[in-house]
Each structure stands twice: as C-alpha cells, then as structure tokens.
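Below is one structure; the comments refer to it alone.
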Amino acid sequence: MASRGLTRAVQKAQSTRMRHLARCLAPMELSFSKRLMDALPPLRASIPERYGPYDYFHREHEGSNLPSYYRLPATPDARIPLGAQEQLLLDENVEGEGHPYICIGSMQVSPDHTKLAFSRDVTGAERFSLCVRELDSGQLHEDIVSNIFAFEWSADASVLFYSVTDPEHGRPFQVYAHRVGTNLGDLLVYEESDPKFFVDVSSTKDRKYIVISSNSKRTGEVHVIPSDQPLTPPRLIRKREHGLRYFVEHNGEEFLLITNRANNEEFQMEALPVKDAFTTARWRTLIPVHPDYRTYDADVFKDHIVLFANDLDGLPVVLVYDLQSVDGGRIKNVTGDPHVVRLPERVCTLEGGINCDFEAHTLRLQVSSPLHSSMAYDFDLRSKEMHALESVPSALDPERYHCERVHATSRDGVAVPLTVIGPREQCNGGTRQREALPTLLRSYGAYGLSLSAEHRLADVPLLEDGWRVALLHVRGGGELGNSWHRDGRGSKRWNAIHDYLACADHLVENNYSCRHRLAAITSSAGGTVVAAAANVRPDLLRAMILRVPFVDVLSTMTDPSLPLTVHEYDEWGNPDDPSVREYIQSYDPLLNLKQTSHWPATFVTASTLDTRVPCSGPISYIERLQALYPSRDDLVLKLSTDTGHFGEGGRYASVAARALELSFLHEFTTKPVVS
C-alpha cells in the first residue's frame, strides 16, 4: 500500500534526475561530508545509570555505525572504573549483520536481571519482532512474535506482555501475555475494536501494575493488572470520555494520574485510592495546573514527583514536588510552589534519563542546546543541587555564536516564538550591528510535538559558513501546551501556515536575513505547513528540503484503507464532512500547486517502505512540480527502497544524506538571483 503509484518508469525517471543533480553537487557534497565527519562528537561511553544491582550504559566503537549496550556491577559513583567486568548485552551492529536495515525499537531487562527483551526491525517498514536473550548464557530466542508495538515484564519476570499490530493497517490493537519458558500458547489479554485507538502496554514505575493504555489523538482509557498476579483480568480505571486523556502511575496506596480532566486542555496531577479505583471516580487534585507552566510529562518517585513542562515562552523547565504521606498511604495534597530546577541554559532541549529506581533521590537529566552538545547531570531531589557529570564537546565555539528567543506576530495577533542561532553580533557605539545572512528555517507544527532547540550536527557547517538557523515554533506543535496544538490542528490548520509566513517575514524585517536568502527544511507532517506556505508565497524561499512530506492531505484522509487515516481524523479532520473537505482543499499542498514566476528549488525524499507517509504523495507532488516547470533541473526526488520513514540512522550512515542536503541548500540559496 505504501508504494501505491510507483512504477518502474517513474522510479527510473526520478532516479535519473537525482543522479544528474548529485553529479553536479558531488565536489561540494564531498567537502560537506568531510566536515560533518570532523564535527562528529568523540567516541565515548555514556554515563552509567543504576537499575537494581547493575549500572547500565552504552558505548560507541571506532568504525561502528551503531552503539553497543553493557552493564557492570553497581559502583559507588556514576563512572566506569578501570578494569571493570563489563557484560555485553546487545550490539546493534551485530544484530544488523546480513540486513540492509536495522532498528532496535526498545530494550528491557527483566526485573530479576536474568533476561533482556528487545524489539528488532530489519525491514525498514517498522515491522518489529520480539526477541529475548538469556543474559547468563547469551542464548537468543529470536522472533518470539512478529508485528509487535510494545512489551513489558511482569514483576517476577514469569510473563512478558506485548501489544501487536494489525498487519494490514499497522494499528496496535491487541495485548497478549507470553508465559516465559513454557510451551503454552500466548493469552489474549485485551483487544481494542475502535480503529481510532492505539494500544500500548507498560508498567508503573514501582512495578506494582501492568498498564494497558488505549488512546486516540484526543481520548484515552486505561486498564491495569497487578504485576504480581499477571494472569488476572485487566480492570478499567475510567471509561473513555471524548476529550478526556489520562495516564496512570502508582505510589503507595494510590494511583497517580496525569490528566486534562480539570479544563479539558492542560495536564495536572490527580490521585485516586486503589481501593476505590474500580468502583468510583473519586479523583482528587494533587497538583493543579500551574498558571506559568504547561506540563507534558512526569516522573514519579516514592518521595517526589517531577513534572517536565514548558514555560509561557515555550522553554523547558523541571518542577520538583516533595511528597508527604498521611494515614492509609494517602499522599498529602501538594501546596505551595514547586522547586524549579535551574538549567545550564535557557534555550535548550531537556530529556530525563532512564531513572528506573522508584526509591531514588537522584534525577538524571540530559541537556542539549544549539551551541552545546549533550550534557549529563544528576539532580539531588533532597538537597536540590545539580551535579554535572559529563559535557560532550561541541564542534562549535560558543563564544563565536549567539542563540536567542524572539517572537513574530501572526496574522491574528498571536505571538509566535522563534529560536535564532547565528554569529555573535558586533557592537558599534553600543548598538548591535546585525547583518542579513542566508537563513535555514526549521519547523514542524503538528501532533503537539515541540521542535527541539537541540544541537544538530548538520547545522554546524552552515553556521561556520556564515548562515543563521531559525527554529519556527508554529502552532500545531506543543511548545506552549495543548492549546498551542489545538489552535494549529484540524479546522485551524491555516494558523500554522500563517505563523510560518509571519516568522519568515519577521526575520527579513528585522535584518536577520533578506529576501531570496531563506531556505527551509522539514519532515513528515511539517511538510504540509512548508509546502502550503510556498503555495501562498512562491517567492518566499530559495530552496526547500521536504523529507517524506505529507503533501496529499485530502487524498490520504479520504482513503480509510491506509494505515493511519482513521486514527488521524482527530488531527486533520474527516473529509466525509463537506465543510472539512472544503477546508482541507483550501491548504492541501498538492491540490494548490500552480505555475508562478518564482518557485524554490525543491528536494523531496520518500520511501517505498514508509508506513506513515505513503510514497505516492511525495511522488505525485514532485511530478506535478516537474510538469509545471519542465525546464528546471532543481526539482528532484530521492527515493529510498531500503529505509523507512525515519531514513538513515546511526553515527555514520546519516552523514552522506545530510551532506547532500547541505550541498543542495548552498547551491540554490547562495547563488545570485536571476531575474
């Protein structure tokens, strides 16, 4: 289904055009490839993280594209001692031998630390199989089951739960229990019949409950199973209600719920006694919505709750709440303001570590920023002190560059954040002198996902060559909370497009860049916004790179046989409604292509194995452009037949792809404009 519309003639014609362009760009591509290789961070081992009696870490090896994973007996500090008895758990390079593609989806060590379960895709089409390795003997049980989505161990490691996908549509819809070490058939535990809902299986952090979550884009429902009684039937926490989302954790005698119940919008923390959980809906507010922050994730410890959030400027914050228990194991309602963790940089991307230990008083954090590579920290949850563990060197000299958060005003008056990275500006008589430079616009704006202000290897050569890079945090993303997502999806999709245009204009009007020196790069659903903006203002960009872009919205959303269409109705709308159809038609990038006097050089990628964005859409889009501009040789499609939606991965494999993209941007953005 993903390769619908692809014929050998189409593939040959597009391949010929791509090869011609690649030959023209070859010297520049070779130069960029060398520079990217030189900019790679040094080979290293990660800072170990504690799980039970072991410290777990991964290591990169010279000449290996992918990491290897190890453990060693726990040490007093977060270091790998000289001569340590390391045990190899999994080498992704070995797992990929004999296959054109390899992706390890996830890994979980069993609670008794004797087995490693992991999911593996060797097709490129996100078709994962479940494998289990005996850690004492190294024996591998391959492909226990195919087409899995998620998995989780029971408390005693006797049962391995897993969710499977519908082979036709790729929707996770069933959960099974595999009884480890037996020949008994796997038990069907749960089945979801509504095609809008995806099923996940996980565990509460204290490993007391197996959690089965069934979620559409706007609605959720959770069942739980006591992890020490893994073969008992799942029990429902709260029946699904349209618009209500909730996610379940556990502490003491209560379930803790991250939910939007209070205002049907932003998330807060609520509590529900376990003894009442299945007979009543007596939820109580534990941590209400904070007026200054928008929560997007949480981590629960025995004595602390950590909320990951963004402030009202869309920048990351970590909020720490100390817990107190009262009679009966009930958690006392949290009062007062949280402790706000002081991060090393204001504009950055923040990720929690694995943080497996429920009773720990230390929180592992990973911080990255446009000017600094990965930095690892341990935050002491009791003393509220931050301890730096590691800083991976960056190829950029932070003293030469500047990163700032600015705002553009969209058509409806809404302030849209931008992150701008570029050379540090010179001062003349106390006034900053800003030079208009070639500028790469990065954006996404869909599914409530935030565009990360992180260190990107591909930006290093551009910045060194005197470019700026701007991150456009348009509506549809999650930078300013769930309301930011709501105001850019469905019948408000035009908001994201107008935001994009306003951000580009702001950069020009404030002399960050100038007309004819803007370029764009985006992927997947982000392609809808960029390609639609190009239709509105064909002279806005000199060049654009659209990786696996979603550009045939109406065609896809009217075909429920495609893998994700029904699940995506909440994000894009159901065109069976005439008003929705008309609205999608108004911005659909493919339907609104027309010949103009200016059109940006366009580099599109697609994959025959892509199960998220069928390659027929990008193919139709590039063929339409080539028909509109038959004399242009800068409208090209790079079609992959052995990687899926996410393309090449690993330390070295992605360098060639990024080098070709950089040479394309340089060639068509910096050359003189021809009238």
Side-chain angles (χ1 to χ4, degrees), residues 1-7 10 14 124-126 165-173 194-198 216-218 443-449 476 485 488-494 496-497 522-535 544 546-593 602 604-625 637 639-640 644-647:
M1 187 67 68
S3 60
R4 181 187 60 176
L6 178 64
T7 66
V10 168
Q14 297 303 330
E126 299 184 67
T165 60
D166 170 2
E168 182 177 355
H169 295 94
R171 179 179 71 92
F173 75 117
D194 190 328
K196 294 193 297 295
F197 284 75
F198 278 27
S216 71
K217 292 295 184 183
R218 300 191 193 181
S443 62
Y444 189 67
Y447 299 117
L449 300 176
H485 173 212
R489 73 183 179 206
S491 62
K492 297 184 178 181
R493 195 65 179 146
W494 268 107
I497 301 164
T522 189
S523 63
S524 196
T528 310
V529 173
V530 177
N535 283 339
M544 60 181 182
L546 308 177
R547 298 177 187 154
V548 292
F550 186 34
V551 286
D552 60 335
V553 182
L554 186 61
S555 173
T556 299
M557 298 310 298
T558 54
D559 187 352
S561 70
L562 292 173
L564 298 178
T565 293
V566 175
H567 182 64
E568 300 286 356
Y569 284 157
D570 282 340
E571 182 75 19
W572 304 94
N574 185 347
D576 287 347
D577 181 331
S579 64
V580 173
R581 172 181 287 268
E582 182 179 1
Y583 188 83
I584 293 175
Q585 284 177 328
S586 73
Y587 69 79
D588 183 292
L590 179 59
L591 293 178
N592 288 281
L593 281 175
T602 304
V604 176
T605 72
S607 171
T608 59
L609 299 174
D610 196 335
T611 58
R612 298 173 184 246
V613 177
C615 70
S616 55
I619 289 172
S620 298
Y621 181 78
I622 202 69
E623 287 186 324
R624 176 64 175 152
L625 281 176
L637 172 72
L639 183 65
S640 170
H645 185 73
F646 298 102

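Because the structure is predicted, anything quoted here is derived from the model rather than measured.
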### Message
Can you confirm whether Arg489 sits close enough to Lys217 that some side-chain heavy atom of one is under 4.5 Å from a side-chain heavy atom of the other?
### Response
no
### Query
Would you say His567 and Arg171 make side-chain contact, with heavy atoms under 4.5 Å?
no
### Task
Could you pull out the closest heavy-atom pair between Pro172 and Phe198, with the gap in Å?
CD-CD2, 3.4 Å
## Note on the structure
Output for pair (Tyr583 OH, Leu554 CG), nearest 0.5 Å, gives 14.0 Å
### Message
Is there a side-chain contact between Ser555 and Leu590 in this structure, where contact means two heavy atoms from C-beta onward sitting under 4.5 Å apart?
### Response
no
### Task
Any chance you could lay out the side-chain contact (heavy atoms from CB on, under 4.5 Å) test for His485 and Glu571, step after step, and finish with the verdict?
CA-CA 9 Å; His485 173 212; Glu571 182 75 19; 2.8 Å; yes
#### Entry: Exercise: identify the closest heavy-atom pair between Ser443 and Val530
OG-CG2, 3.5 Å
## Note on the structure
The reported gap from OG in Ser579 to CD1 in Ile584 (rounded to nearest 0.5 angstrom) is 9.5 Å
### Query
Are any of the side-chain heavy atoms of Pro549 and Tyr621 separated by less than 4.5 Å?
no
### Backbone N/O of Lys196 and side chain of Ser216: donor-acceptor pair under 3.5 Å
no
### Query
Hey, does Pro195 have a side-chain heavy atom less than 4.5 Å from the side chain of Tyr569?
no
### Task
Could you tell me the separation between the CD1 atom of Ile619 and the CG atom of Leu637, rounded to the nearest 0.5 Å?
6.0 Å
### Message
By the definition side-chain contact (heavy atoms from CB on, under 4.5 Å), identify the one residue from Leu591, Val553, Val580 that meets it with Gln585.
### Response
Leu591
#### Entry: Sub-4.5 Å side-chain heavy-atom contact between Thr605 and Ser640
no
### Task
Over all heavy atoms of both residues, which pair between Ala606 and Val548 is shortest? Give the atoms and the distance, please.
CA-CG1, 4.0 Å
### Query
Is there a side-chain contact between Arg493 and Trp572, using heavy atoms and a 4.5 Å cut-off?
yes
### Message
Between Arg612 and Leu564, is there a side-chain heavy-atom distance shorter than 4.5 Å?
### Response
yes
### Query
Which is it for Thr522 and Val529 under the side-chain contact (heavy atoms from CB on, under 4.5 Å) test, yes or no, and what are the steps along the way?
CA-CA 9 Å; Thr522 189; Val529 173; over 6 Å; no
### Task
Nearest 0.5 Å please: distance from the CG atom of Leu546 over to the OG atom of Ser524.
11.5 Å
## Note on the structure
Heavy-atom nearest pair, Ala525 first then Tyr447, reads CB-CE1, 3.6 Å
### Query
So how far is it from Glu623 CD to Gln14 CD, rounded to the nearest 0.5 Å?
5.5 Å
#### Entry: Shortest non-hydrogen separation from Arg624 to Leu593 and the atoms involved
CG-CD1, 3.5 Å
### Message
Using the rule side-chain contact (heavy atoms from CB on, under 4.5 Å), only one of Val613, Val551, Leu562 pairs with Thr556; which is it?
### Response
Leu562
### Message
How long is the straight-line distance from CG of Asp588 back to CZ of Phe550, given to the nearest 0.5 Å?
### Response
8.0 Å
#### Entry: Heavy-atom pair with the smallest gap, counting every atom of Leu639 and Cys615
CD1-CB, 4.4 Å
